[in-house]
Every structure is written in structure tokens, then in C-alpha cells.
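So you know, we letter chains A, B, ... as the sequences are listed, proteins then strands, and number each from 1. On a predicted model such as this, the values are computed, not experimentally measured, just so you know.
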Number of protein chains: 2
Amino acid sequence: MSNASSAIERFSRYPLGESQSVHCPVRDVLDRIGDKWSMLMIMALAMRPHRFSELHRAVHDISKRMLTQTLRDLERDGLITRHVFPTKPPSVEYRLAPLGQSLLDPMAGLIDWADRCHGDIHAARARFDGTPVDVPRQAFTARSKVPPVRKKMA
Amino acid sequence: MSNASSAIERFSRYPLGESQSVHCPVRDVLDRIGDKWSMLMIMALAMRPHRFSELHRAVHDISKRMLTQTLRDLERDGLITRHVFPTKPPSVEYRLAPLGQSLLDPMAGLIDWADRCHGDIHAARARFDGTPVDVPRQAFTARSKVPPVRKKMA
DNA sequence: TGGGGTAGGTCTACTATAGAGACCGCCTCC
DNA sequence: GGAGGCGGTCTCTATAGTAGACCTACCCCA
């Protein structure tokens with residue numbers, strides 16, 4: 001709580017509306033680790049180094065293209081490192097860099113929260129979906145077809 | 001560190017490759033708050049309740065469509081609440097729900113990390129971009145045009 | 001009495017991004 | 001000698017996000 005309230009203060013220092021994420025560390029880091037795969041990669045590499053195909057097997061529903069791209073981006077940002085071994089055929093190993101290591105701690109907090117609260121979230125979601133919006137969302141009723149609820153992938 | 005290593009253990013319990021994010025709290029929460037806007041909304045609402053247009057002004061580069069959608073999703077998951085006041089014209093206020101409040105603490109950790117490390121990240125990025133890949137990325141050189149580096153928006 | 005502003009959204013059209021799946025050269029194993 | 005694994009890249013298509021006009025209803029001010 002104390003931590004949170006201190007963070008709230010800090011939030012107020014950042015211009016949320018800033019267009020360039022380069023000026024807002026929050027948006028910067030979220031753009032990096034907030035995508036669908038980065039954090040999973042980091043989690044996998046936190047356990048031990050992985051080779052390309054190992055990662056592909058560990059997170060089997062990522063495409064090779066996205067795997068390549070995600071790893072490249074993480075490497076670019078110094079969160080992981082890439083080691084090529086001159087075997088035949090060459091093997092490539094990815095490891096967590098110190099910067100990536102330092103991310104584990106804050107990530108752990110988030111994981112904990114997710115673990116604790118995903119039950120509540122699902123409950124809330126079910127409740128929301130169960131209540132078929134009798135009150136019109138739009139205060140000044142237009143024709144309003146069906147609200148296009150964003151579908152989260154399977 | 002202790003926190004992180006405990007998290008690593010926890011990671012190993014989750015099937016990262018699971019297709020249905022519903023089975024993996026980590027993916028579930030990341031899909032929720034990992035998108036471009038959700039966390040910014042939560043940050044804004046952490047400071048004080050906001051009305052729709054206030055949020056739009058606070059995060060001026062979000063489109064109204066995405067604002068609506070993001071708020072709806074957050075409401076659906078019980079992270080924020082929506083209060084309609086029967087004024088003329090009606091005004092709508094968004095507030096952080098208890099569940100959203102509980103997210104502030106883990107988020108704060110992430111914000112701190114971002115704050116501390118975004119300098120390192122930028123440095124690493126500059127270093128990476130400055131080294132124009134003399135070693136071919138692909139071990140078994142195909143024709144390999146130019147690697148399509150993902151472009152993060154402005 | 002009518003023009004502009006504010007409110008909370010929705011709609012369509014466009015564009016950027018992610019996903020799928022084939023392909024690559026080279027090597028090993030059966 | 002064919003299959004399969006290695007670490008990727010390629011193109012194509014589906015999906016998600018963006019921009020911005022539009023909507024109804026009210027108020028204020030002239």
C-alpha cells in the first residue's frame with residue numbers, strides 16, 4: 001500500500017498523454033514487456049538458458065516469426081543475450097542478461113497478483129457478461145447496433 | 001531477489017505453452033494490462049476518478065474508440081467501475097475498483113523498474129542499433145534481405 | 001431562434017501488426 | 001537416401017488498432 005501510494009505520486013510526474021513513449025518510461029517499458037510474448041520469454045529464460053527451438057517448444061503457440069522478432073527486440077534492449085556456438089549445425093542459446101534479471105523482481109509482484117486475483121477477474125467477467133447491459137451504454141441513445149466487444153484470443 | 005527466485009519457481013508451474021490463456025494467470029493478466037492503454041488508464045484513475053473526456057484529455061493520443069473499449073474491458077474485469085450521474089447531459093465517472101487498487105502495488109514495482117532502467121535500455125538499444133549486424137543473424141545464410149526490425153510507434 | 005460548445009459514445013474506412021506456414025542450406029541418424 | 005532437426009526468413013492473409021466524422025440532447029449567449 002505504501003509502495004502503491006508512492007507510485008501514484010510518481011505517476012503524476014509522468015505526462016501520460018505524451019506522444020513519444022521515449023519520454024515516458026512507463027510507456028516505454030510497457031511497450032517492451034507488455035506484448036504478448038516478451039514476458040513469457042523472460043519467464044522461460046529465467047529458469048535456465050534456452051535454445052531457439054527449446055523456446056519454440058516451451059511456448060508452442062508462438063510462430064517462429066514472432067519468436068525471432070521477440071527475441072531480437074529483447075536482445076536489442078539488453079534484456080537477454082544471444083550466444084552462437086560454432087557447432088555443426090550452429091546452435092544458438094539465449095540467456096537472461098543482468099538487466100533482464102533485474103526485471104524478475106518487479107515481474108514477480110505482477111505474477112503474484114495475477115495468481116491471487118485471476119479468480120476475481122473471471123468472476124467479474126462472468127458477472128459482466130451475464131448482465132446483458134439493460135442500461136444503454138450510450139447516454140444519448142443513437143441507433144447503436146451491437147457493441148463490438150473486443151474478443152480476447154482463445 | 002528472494003522474491004524473484006520464488007517467482008521463478010512459480011513460473012515453472014505454469015504451462016507457458018498453454019493455448020488457452022484462461023489456464024495461465026500470467027498470460028491472462030498480461031493480456032489485460034499489457035495492452036497499450038489499460039495501464040495508463042489505471043494510473044490515471046489511481047490518482048483520482050476521471051470522467052470520460054478527462055481521460056481523453058489526460059491521454060490525448062488515444063482514440064475515443066480505444067478509450068471506450070479499454071474502459072469497457074477494464075470494467076468487465078472488475079478493475080474499474082462506471083458511475084452514471086443523471087445530470088443533463090449525463091456525465092459518467094470512472095473509478096478504480098478494489099481489484100484495480102490491489103493492482104497498484106505490483107504495478108508500482110514495475111514503474112520503479114522502468115524508471116531505474118530505461119536509461120540502460122536506451123543505451124543497449126543504441127549500442128545494438130549502432131552495431132550493424134556484421135555477424136549474419138541466420139546461421140545458415142539464406143538470401144536474407146534486411147531483417148525487418150519491428151518499429152515501435154512514435 | 002439558432003449557433004457553438006459539451007457530453008459520452010458509435011460508425012466506417014484505412015493501416016499497421018500478428019499469425020500461418022512454406023522454404024532454406026547443412027548436418028545427422030536410421 | 002529420405003526424414004528430421006537446426007535457426008531462421010519469406011510471403012500472404014486475418015485481425016487489431018487508428019483517425020476522424022457523426023449522433024442525440026442539453027446549455028449558454030446573442
Heavy atoms under 4.0 Å, any strand shown: does [X] hit a base, just sugar-phosphate, or nothing?
X: Y94(A); result: sugar-phosphate
X: T68(A); result: base
X: S91(A); result: sugar-phosphate

Taking atom [atom2] of [N] as reference, at what distance in whole Å does atom [atom1] of [X] sit?
X: M66(B); N: dG8(C); atom1: CE; atom2: P; result: 19 Å
X: K36(A); N: dA14(D); atom1: NZ; atom2: C1'; result: 13 Å
X: K64(A); N: dC23(C); atom1: NZ; atom2: C1'; result: 9 Å
X: Q69(B); N: dG8(C); atom1: CD; atom2: C1'; result: 16 Å

Are OP1 or OP2 of dA18(C) and a side-chain N or O of W37(A) less than 4.0 angstrom apart?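 Result: no.
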Residues which pass side chain to side chain donor-acceptor pair (under 3.5 Å) with D115(A), listed by chain and number, not counting sequence neighbours: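 D115(A) satisfies side chain to side chain donor-acceptor pair (under 3.5 Å) with Y14(B) once adjacent residues are dropped.
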Between S102(A) (side chain) and L99(A) (backbone), is there a donor-acceptor pair under 3.5 Å?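 Here the side-chain-to-backbone pair exists.
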Interatomic distance, CZ@F52(A) vs CG@L71(A), rounded to 0.5 Å, equals 6.5 Å
Apply side chain to side chain contact (heavy atoms under 4.5 Å, CB included) to R95(A) and list each qualifying residue two or more places apart in sequence or on a separate chain. P49(A), T81(A), H83(A), F85(A), E93(A)
